[in-house]
Structure formats: structure tokens, C-alpha cells
*Asks:* 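A single structure is presented below for examination.
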Amino acid sequence: MSVLERLAGNKNVARGALRQLSLAELEKLATTFDEVWQEKAEEQQALDAAVDEKKKQLAAIRAQLEALGISPEELKPAKRRPGRPRKSSS
């Protein structure tokens, strides 16, 4: 378990660790946390936008298939026949 996980999991442990820091160190730490928070939020927004775009494209493809009268089941590959069993080595 990392130190940050331990601090995040217990408020009292985090408070005790933060009390040992000076005000300047706390401000620097808060700034760093804010930067990381913003980066994570931007990454999540980008992922959400990509998922939304993929859903829109999938809906458009389904609409095209429906307009052509093709069902999604028709696009699935045919099941392969099972191969011949191996010759026994005995």
C-alpha cells in the first residue's frame, strides 16, 4: 500500500501527516493536487467524448443497416465446423 493510499484511506492519518508540513509546503502540495485533478478531469472528459462519439457512429451504422434491410446477425461470421479429431499416438 502506498503512502498516498494510506493517507487517502484515513482522514486522521492524513491530518497528522499534513500538520508536519509548513504552510508553504502545504500550498505547494495543494497546487500540485489541483494540477493533477485538472489533468484527470480532462482525461475523463476526453474518454467520455470518445465513448459518446463511438456510440453515435454505432447508431449511424445500425441505421444504415436497417435502411438496407440487413440484420446484425447476418454480419456475424458463420460458425466453423469442428475439425477432425487428432489421431491417437498409441
*Asks:* Under the rule for side-chain contact (heavy atoms from CB on, under 4.5 Å), what residues qualify as partners of Thr31, not counting sequence neighbours?
*Replies:* Glu35

*Asks:* Does Trp37 sit in a hydrophobic cluster with other residues, and if so which ones, taking ILVMFWY side chains as linked at heavy-atom separations under 4.5 Å, directly or through other members?
*Replies:* none

*Asks:* Report the residues that fulfil side-chain contact (heavy atoms from CB on, under 4.5 Å) with Glu39, sequence neighbours left out, ordered by chain and then residue number.
*Replies:* none

*Asks:* How would you list, by chain and number, every residue that makes a side chain to side chain donor-acceptor pair (under 3.5 Å) with Ser71, sequence neighbours excluded?
*Replies:*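 With sequence neighbours excluded, Ser71 shows a side chain to side chain donor-acceptor pair (under 3.5 Å) to Glu74, given in chain and number order.
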
*Asks:* Not counting sequence neighbours, which residues clear side-chain contact (heavy atoms from CB on, under 4.5 Å) with Glu66? List them please.
*Replies:*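 If we apply the side-chain contact (heavy atoms from CB on, under 4.5 Å) test to Glu66, skipping adjacent residues, there are no hits.
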
*Asks:* Indicate every side-chain donor-acceptor pair of residues 40-56 with a distance under 3.5 Å to a residue at least two apart or in another chain.
*Replies:*
{"residue": "Gln44", "atom": "NE2", "partner": "Asp48", "partner atom": "OD1", "Å": "3.0"}
{"residue": "Glu53", "atom": "OE2", "partner": "Gln57", "partner atom": "NE2", "Å": "3.3"}

*Asks:* Show me the donor-acceptor pairs, under 3.5 Å and distance only, between side chains in residues 13-23 and residues at least two apart or in other chains.
*Replies:*
{"residue": "Ser22", "atom": "OG", "partner": "Glu25", "partner atom": "N", "Å": "3.2"}
{"residue": "Ser22", "atom": "OG", "partner": "Glu25", "partner atom": "OE1", "Å": "3.4"}

*Asks:* Listed by chain and number, what are the side-chain contact (heavy atoms from CB on, under 4.5 Å) partners of Ile61, not counting sequence neighbours?
*Replies:*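 Expected list: Leu65.
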
